[in-house]
Structure formats: C-alpha cells, structure tokens
Amino acid sequence: MPAPQPLRVVSTNPSVEADPVRRLATYFDGLDQGVIAIDRRGRVVVATAPARAILSGLGFTATTGSSGRDLLRILAAITGSGLRDGFAMLRRARAEEGPQAFETVTAGRTIALRIHPVDGGWTVALEDMTEVRAREANSAELARIDPLTGLANRLMLRERLSASLDRLNRYGEPCAVLLLDLDRFKPINDTLGHAVGDALLEKVADRLRSAVRSADTVARIGGDEFVVIQAGAARQEDVTILARRLVDLIGRTYIIDGQLLTIGVSVGAALAPKDGTDAERLLKHADLALYRAKLDGRATFRFFEPEMDVRMQARRRLELDIRQALARREFVLHYQPQLNLKNQSVTGCEALLRWKHPERGTVSPADFIPLAEEVGLIVPIGEWVVRQACRDAALWPDTVSVAVNVSPAQFKSDRLVDMIVSALATSGLPPRRLEVEITEGVLLQNNDHTLDTLHRLRKLGVRVSMDDFGTGYSSLSYLRSFPFDKIKIDRSFVKDIATAPDGDAIIRAIAGLGRSLGMTTVAEGVETEEQMRRIQAEGCTDVQGYLISRPVPLDDLMRLLPRDPHDNPSAPGVHP
Ligand code: C2E
Ligand code: MG
Ligand code: MG
C-alpha cells in the first residue's frame, strides 16, 4: 500500500508563496464562510464569496486589492467613531488583547465579526446574524409571556419589578405590588372543566389589562394568581382606587359558552419603598396581605401591615413546634368517660389530645389541630393518637371502648385503614372496642373513597360515630349516606336545653331519630344535674360531660373505671 501523501497547497501565483498572508488567503478562498484577509496596510488580500455578499448587502464592496475601507467603516460603526478607530481596533487585536469579537447593527443587518491577527495582517470572519438574532429575540419574548392569557409571566414580572425598583432607587419613583388570587377558582375548573376554566382566566386577564395604565405591568404567575405592578403609586389611596376597581371588575358576571359565571378576587398590596425595596420582600409582604384578605372573607383587598409578618412568624414557629412535639413526646391523651343512662355504667371513653409544651404549657387541641390539619401534620399525629389510644384501652375492662377523633385529612390518606388494622393488632384491642368519631368535614369530601374507607372500617368491626351532630349544614342527609353507630349531639344543644324556650325539642327529635335508626345517641357537654335530668327524659342513651368527668389523664381514668371487668360496673360519680 502506498504511503499517504501529505496535503500540499499548490499555488500558481509565485507572489503568494512569498507572503504569508497571501498564502493563508488561498486557504480561505472557496470557503463557504465569510472571511476577509487584510494585510498590514489595511488592503483586502482576499474576501470569500459569502463575505463579499454580506458586505455588498450593506452597500460596501470588498475585492482583492481594495483598500479595506468598507471593512474599516464597519469597524468604525461598531465603535461609533471614525476610520481611525477602525484601525485602532485592528491594532488592539494584534496587541496584548488577542482576537476580538463584535456584533454590530449596520444598515438594518446584525453582523458578527471576529478579528484574528495573523502573520502580516488580519483575518476578519463575518457572519450575518440578523435572522438568528430575530429568532432568538422572538423566543426570548415568548419565554416571557404566559401562553394562555398573553400576560407577562414570572420571568417578565421579575424583570419589570426590578426595573421599577431601579427607578425607585435612581429617581425616587415609588410603585406598588398587588397580588391577586381568584376566590374558589378550583371548583369551577373541577366541575365545569378546564376549557371553561381557561376561558374564564382569559377573560379575567382581559379585564385586568383594561383596568391598568400602560406603564403598569400585569402578570400571571400561577393557575389563578396574578400580579399587578402599579407604576408611580405614591399614596395608599392610589393603590386603594386600583385595588377596588380590580375587585369590582373581576367580580362582575362572565358569560362563557352561554353560561353565566361569577368569580371573586382577593388582593394583597405592598408599597415600595414603605413595605420593602426589594422584589422578594415586596412579593412576600403582598402575599401576607393577600392571606389576610382571604381570611377576612375574600372578594376584598388588604394592605400589608407589619403585624401580619409577626403573626405569620408566630404561626410558623407553632408549626415548627408541632413538628417536633411528636419526637419529643410532648403529646398525651386524656380520656373523658361516657355514661350509659340505662345501666349507669361507663361504656366508653373519648381520647382527647393534649399538648404539654415546655414553654407554652398545656395547649388546647382547638389551638393546634386546625393548623396541624392545614399543614398535613395531623396524619402522623392522628396515627400516634390511634396507636396510643388502642394501647391504653387494651388495659381497660372489656366492656369499655375507646373513641378517637379522626380528621378529614386522615381520610385522604390511603393508609388509614391499614394503620388502624396495625394499631389493633399490636395492642390486642378487639376492633369492636374502637370507635372512630368523624365530623361533617369528613363527609363534605363525600367521595366514594371516604365512604369506601368507612365501610372497610365497619367491616373490621370498628364502630363509627357522627360527632358534633347538628352543627353542620346538612347533618340529616349525612345520616343517610352512612349507617353510623352513634350520634353525638353537639354541646350547643345541651347548653340550651334548660334555658331556651323549647330548648329540649331538638334533643328530643334527635333522640327519636337515633332510636328509629338504631343508633346510640350521646349528649355532649352535660354540666348540670338539670341538663342530665332533661336529657334522660328526652330519651338519649348516653351522656358525656363535666358532670360525669372532665377529660382526665390515663391514671386518673383507671380509678373511674370498674376494676374487674366481670364486676357489675357502677356509676363513677367522680368529679375531678
Ligand atoms: P370533640 O371531639 O367534640 O370533643 C369534645 C370537646 O368538648 C372536648 O374539648 C372536651 O373537653 C369538651 N367537653 C367535654 N365535656 C364538656 C363539658 O361538659 N363542657 C364543656 N364546656 N366542654 C366539654 P377538647 O378536648 O378541647 O377538644 C376539642 C376538639 O378538638 C374536639 O372536639 C375534637 O374535635 C378535637 N380533638 C381533640 N383531640 C383530637 C384528636 O386526637 N384528633 C383530632 N383529629 N381531633 C381532636
Ligand atoms: Mg369527638
Ligand atoms: Mg364533639
């Protein structure tokens, strides 16, 4: 096999051999890139066809031997000065700074240049970037727009907000940030479908756009969350006027697909510089104000106030504390006995959670369970309650059952039934001695999953009670949706029994309902002998309340329970 021949450039022009620039130029000729080689005096040695095309498109010519002025003019255009500066630029490339790259817009075209010093001159690579840059600009623009509504997105919001804050810093021009969240958008989306939800969002966006001035920015930053940057808002009144207009405008009826729809909006506002001078802080403060607006009944607006931050921090601390409470074993269960009126014996006890906080003291469940539910911590806490209650109840007489309160959030988790099975198995408590108390909140998420869970619990032998009966919207209809074992009549009805005219009519009706449905009826919150007497007369089967006993620690409870399960249990009659 013949040895491979080294590649050799053959030139027919003897002068080319002598001059390195000219020799280099021969390599470039025929390239499909725009390259110009120029010698030390600035004369064009060679220009590739694409380079000539680019230059002629700009109204210049570059042929071999021409002075290179056209190129220098382009370089001058970059520096924004005369030809002399064009030369200066070439020299810079040769001097300490090495290859130079530039981009310039000349005669409506965007031209990129790269200048390389070579022996005896320079090479300049030219590229027409006009289309590339246009495409980039277009996609950069698209990357800043919310595709559904055409409003600014998060990215553009950030840029606009930082530009506004820049103006604040430089010229003292104030601005306001309004954070908007549609009220109950999710149900519309869920029940009427995403197409209707999307159409509604588009119309909301149109109304927002129409409500602001051209210097303001409207952005969509989440499903149903919007932000308005109000430029030049110096006084709170300026913001009030806009916020009021937004709440009013968004709250007007929409017609979508021939249907009439209404939706509200809540607005939280923060002012720069008063409430912050950086984007992060302003948005956070507007968010706190929005939270307040939501709490205050929605379809309204609130301004940020420093106390909101304090309250929120307290909440966050509480959340943190709740997270740690389980590990630190700060939770305990107290038990409140229920007395059966027929045989005057304790038939069950309700487990009520107590939190022994090292600094806060004993915290009432009313103060931390709502937050624990909101942040999902009720699931692990509730599991602890069930396991502990089963363990404790396993020590009680066989005739006494234990009731635990189970929150709606626990029903959302798939593990509830498995967890209860496991708690029963490890404690050895027979399922019939466990009772689950649920409130209307559980059935409000009245889906098949909830009912399926309840039926599975029933199949295990666990009993199910309806707690706080009568306080909800449609307690009666819930009684039909599931065959409860027990109805717990809310304390408020018991309170009225001896005082309000006809105060006992409701108790009588519920007791009758329970009798005909075969459900036990427990009156909650019985505090006086008089209440007790009347409740008994109305036909409730059981009572629970301070009159029998307050909720007490396990040790105290043991004294209230009959010692031997085979003894004939007697009424405890103890009032600790
Ligand atoms: P609930 O399930 O309706 O519990 C009855 C509440 O009434 C208890 O309040 C109890 O101490 C109180 N009470 C009982 N008898 C009387 C009385 O004669 N007079 C008055 N004024 N009050 C009486 P507590 O222990 O503060 O619990 C409040 C609520 O917190 C409970 O209402 C329940 O909804 C919830 N809760 C308690 N423990 C747990 C738990 O382990 N898990 C869940 N998810 N919720 C719990
Ligand atoms: Mg209860
Ligand atoms: Mg209750």
Side-chain angles (χ1 to χ4, degrees), residues 322 325-326 330-339 346 348-356 362-393 401-413 416 419-420 423 434-442 463-472 475 484-498 510 520-532 535 540 542-554 556-557 575-576:
I322 299 176
L326 263 182
E330 288 170 2
F331 288 125
V332 286
L333 288 181
H334 283 191
Y335 292 96
Q336 188 175 36
Q338 282 167 17
L339 186 75
V346 173
C349 300
E350 178 174 6
L352 292 160
L353 190 56
R354 299 289 178 266
W355 180 12
K356 306 263 187 230
T362 302
V363 188
S364 150
D367 292 333
F368 68 89
I369 287 189
L371 181 57
E373 283 175 339
E374 207 180 303
V375 299
L377 284 168
I378 194 67
V379 173
I381 294 173
E383 169 160 0
W384 178 84
V385 169
V386 170
R387 290 185 183 279
Q388 187 64 39
C390 288
R391 255 196 309 270
D392 290 348
S401 57
V402 67
V404 291
N405 294 282
V406 178
S407 292
Q410 292 173 266
F411 272 84
K412 284 197 190 125
S413 123
L416 183 64
M419 185 270 283
I420 287 177
L434 177 64
E435 223 175 88
V436 166
E437 290 190 8
I438 62 166
T439 53
E440 186 183 289
V442 170
R463 284 180 293 160
V464 183
S465 311
M466 165 112 253
D467 203 355
D468 302 345
F469 185 78
T471 54
S475 304
F484 289 92
D485 296 279
K486 188 184 269 185
I487 304 172
K488 299 190 76 178
I489 305 169
D490 191 67
R491 200 164 69 218
S492 53
F493 300 108
V494 174
K495 214 169 109 234
D496 289 346
I497 196 169
I510 301 175
T520 309
T521 42
V522 188
E524 285 192 281
V526 176
E527 296 180 351
T528 67
E529 297 285 356
E530 170 68 1
Q531 289 169 342
M532 175 78 139
I535 275 158
C540 288
D542 296 73
V543 290
Q544 180 181 342
Y546 293 172
L547 181 68
I548 314 303
S549 166
R550 287 181 176 264
V552 291
L554 180 65
D556 298 349
L557 178 80
H575 308 185

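For ligands, and for the atoms within them, numbers begin at 1 and follow the listed sequence.
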Participant: When you look for heavy atoms under 4.0 Å from ligand 1, do you find them on the side chain of Arg550, its backbone, both, or neither?
Facilitator: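 Under 4.0 Å from ligand 1, Arg550 contributes no heavy atoms.
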
Participant: Closer than 3.5 angstrom, by distance alone: can the side chain of Ser364 be matched with the main-chain N or O of Ala366 as a donor-acceptor pair?
Facilitator: yes

Participant: Specify the protein heavy atom at minimum distance from atom 24 (P) of ligand 1: its residue, its atom name, and the distance to 0.1 Å.
Facilitator: Pro365 CG, 3.7 Å

Participant: Which single N/O/S atom of Asp467 lies at minimum distance from the Mg ion (ligand 3)?
Facilitator: OD1

Participant: Hey, is Gln336 touching ligand 1 through its side chain, its backbone, both or neither, going by heavy atoms under 4.0 Å?
Facilitator: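 The side chain, only.
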
Participant: Report the nearest protein non-hydrogen atom to atom 18 (O) of ligand 1: residue, atom name, distance rounded to 0.1 Å.
Facilitator: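 Looking at atom 18 (O) of ligand 1, the protein heavy atom closest to it is Tyr546 N, 2.8 Å.
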
Participant: Is the backbone of Glu527 close enough, under 3.5 Å, to the side chain of Gln531 for a donor and an acceptor to pair up by distance?
Facilitator: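 It does hold such a pair.
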
Participant: Does the side chain of Glu524 reach to within under 4.5 Å of the side chain of Asp468, using non-hydrogen atoms?
Facilitator: yes

Participant: Among all protein heavy atoms, pick the one closest to atom 44 (N) of ligand 1 and tell me residue, atom and distance.
Facilitator: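 For this ligand atom, the closest protein heavy atom is Ser407 OG, 2.8 Å.
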
Participant: So Gln410 and Ser407, do their side chains get closer than 4.5 Å, heavy atoms only?
Facilitator: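 Yes. Closest side-chain heavy atoms under 4.5 Å.
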
Participant: Determine whether Ile378 and Ile369 satisfy the following criterion, side chain to side chain contact (heavy atoms under 4.5 Å, CB included), listing intermediate values before the conclusion.
Facilitator: CA-CA 7 Å; Ile378 194 67; Ile369 287 189; 4.1 Å; yes

Participant: Atom CZ in Arg491, atom CG in Asp496: separation rounded to 0.5 Å?
Facilitator: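 Those atoms lie 12.0 Å apart.
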
Participant: Among protein heavy atoms, which sits nearest to atom 34 (O) of ligand 1, and what does the distance come to when rounded to 0.1 Å?
Facilitator: Asn405 OD1, 4.4 Å

Participant: Out of all atoms in ligand 1, which are within 4.0 Å of some heavy atom of Val385? Include the element for each.
Facilitator: 41 (O)

Participant: Could you list the atoms of ligand 1 found under 4.0 angstrom from a heavy atom of Asp467?
Facilitator: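 Ligand 1 atoms under the 4.0 Å threshold to Asp467: 1 (P), 2 (O), 3 (O).
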
Participant: Considering only heavy atoms, does Thr439 approach ligand 1 within less than 4.0 Å through its side chain, its backbone, both, or neither?
Facilitator: neither

Participant: Considering just N/O/S atoms, say which atom of Asp468 is closest to the Mg ion (ligand 3).
Facilitator: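 Output for this pair reads OD1.
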
Participant: Is it the side chain (CB and beyond), the backbone, both or neither of Glu350 that lies under 4.0 Å from ligand 1, heavy atoms counted?
Facilitator: side chain

Participant: In Å and rounded to the nearest 0.5 Å, what is the CD to NZ distance from Glu435 to Lys488?
Facilitator: 7.5 Å

Participant: I need the contact type for Ile369 against ligand 1. Using non-hydrogen atoms and a strict under-4.0 Å cut-off, is it side chain, backbone, both or neither?
Facilitator: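 For Ile369, only side-chain atoms sit under 4.0 Å from ligand 1.
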
Participant: So, of the N/O/S atoms that Glu437 has, which is the nearest one to the Mg ion (ligand 2)?
Facilitator: OE1

Participant: Could you measure the distance from the CZ atom of Arg354 to the OG1 atom of Thr362? Nearest 0.5 Å is fine.
Facilitator: 8.5 Å

Participant: So do the side chains of Val406 and Val442 get within less than 4.5 Å of each other, counting heavy atoms only?
Facilitator: no

Participant: Using heavy atoms and a threshold below 4.0 Å, how should the contact between Arg491 and ligand 1 be classified: side chain, backbone, both, or neither?
Facilitator: side chain

Participant: Under 3.5 Å, side chain of Asp485 to main-chain N/O of Val464, donor-acceptor pair present?
Facilitator: yes

Participant: Have a look at Asp468, Ile378, Asp490 and point out the one with the heavy atom closest to atom 3 (O) of ligand 1.
Facilitator: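 Going through Asp468, Ile378, Asp490 one by one, Asp468 has the nearest heavy atom to atom 3 (O) of ligand 1.
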
Participant: Let me confirm one number: the OG1-CG distance from Thr439 to Asn405, rounded to the nearest 0.5 Å.
Facilitator: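 These two atoms lie 8.5 Å from each other.
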
Participant: Going by a strict under-4.0 Å cutoff (protein heavy atoms only), does atom 39 (C) of ligand 1 have a neighbour on the protein?
Facilitator: yes

Participant: Using a strict cut-off of 4.0 Å, indicate which atoms of ligand 1 neighbour a heavy atom of Glu527.
Facilitator: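 So the atoms of ligand 1 that pass are 17 (C), 18 (O), 19 (N), 20 (C), 21 (N).
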
Participant: Give the atoms of ligand 1, by number and element, whose distance to some non-hydrogen atom of Val526 is under 4.0 Å.
Facilitator: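 Ligand 1 atoms under the 4.0 Å threshold to Val526: 18 (O).
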
Participant: Roughly how far apart are Cys349 SG and Gln336 CD, rounded to 0.5 Å?
Facilitator: 9.0 Å

Participant: Could you find the nearest protein heavy atom to atom 11 (O) of ligand 1 and give me its residue, atom name and distance?
Facilitator: Pro551 CG, 3.4 Å

Participant: Which label fits Phe368 and Trp355: parallel for a plane angle under 30°, tilted from 30 to 60°, or perpendicular past 60°?
Facilitator: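 Perpendicular, since the angle between the ring planes exceeds 60°.
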
Participant: Identify, by atom number and element, the atoms of ligand 1 in contact range of Arg354, meaning under 4.0 Å from any of its heavy atoms.
Facilitator: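 Answer for ligand 1: 11 (O), 25 (O).
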
Participant: Under 4.0 Å from a heavy atom of Gly545: give me the atoms of ligand 1 that qualify, with their elements.
Facilitator: 15 (N), 18 (O)

Participant: If you look at Glu350, which of its N/O/S atoms is nearest to the Mg ion (ligand 2)?
Facilitator: OE2

Participant: Got a second to check how far Asp392's CG is from Arg387's CZ, nearest 0.5 Å?
Facilitator: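 Rounded to the nearest 0.5 Å, the CG-CZ separation comes out at 14.0 Å.
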
Participant: Please check if a non-hydrogen protein atom sits closer than 4.0 Å to atom 9 (O) of ligand 1.
Facilitator: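 Not a single protein heavy atom is under 4.0 Å away.
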
Participant: Using heavy atoms and a threshold below 4.0 Å, how should the contact between Glu524 and ligand 1 be classified: side chain, backbone, both, or neither?
Facilitator: side chain

Participant: Hey, mind stepping through Val385 and Phe331 against side chain to side chain contact (heavy atoms under 4.5 Å, CB included) and telling me if it holds?
Facilitator: CA-CA 9 Å; Val385 169; Phe331 288 125; over 6 Å; no

Participant: Tell me which part of Leu352 gets within contact of ligand 1: side chain, backbone, both or neither, using heavy atoms under 4.0 Å.
Facilitator: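 Both backbone and side chain of Leu352 come within 4.0 Å of ligand 1.
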
Participant: Check whether any N, O or S atom of Asn405, backbone or side chain, sits closer than 2.8 Å to the Mg ion (ligand 2).
Facilitator: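 Coordinating: yes.
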
Participant: Taking side chain as C-beta onward, heavy atoms only, is Leu339 less than 4.5 Å from Met532?
Facilitator: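 SC-SC contact between Leu339 and Met532 confirmed.
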
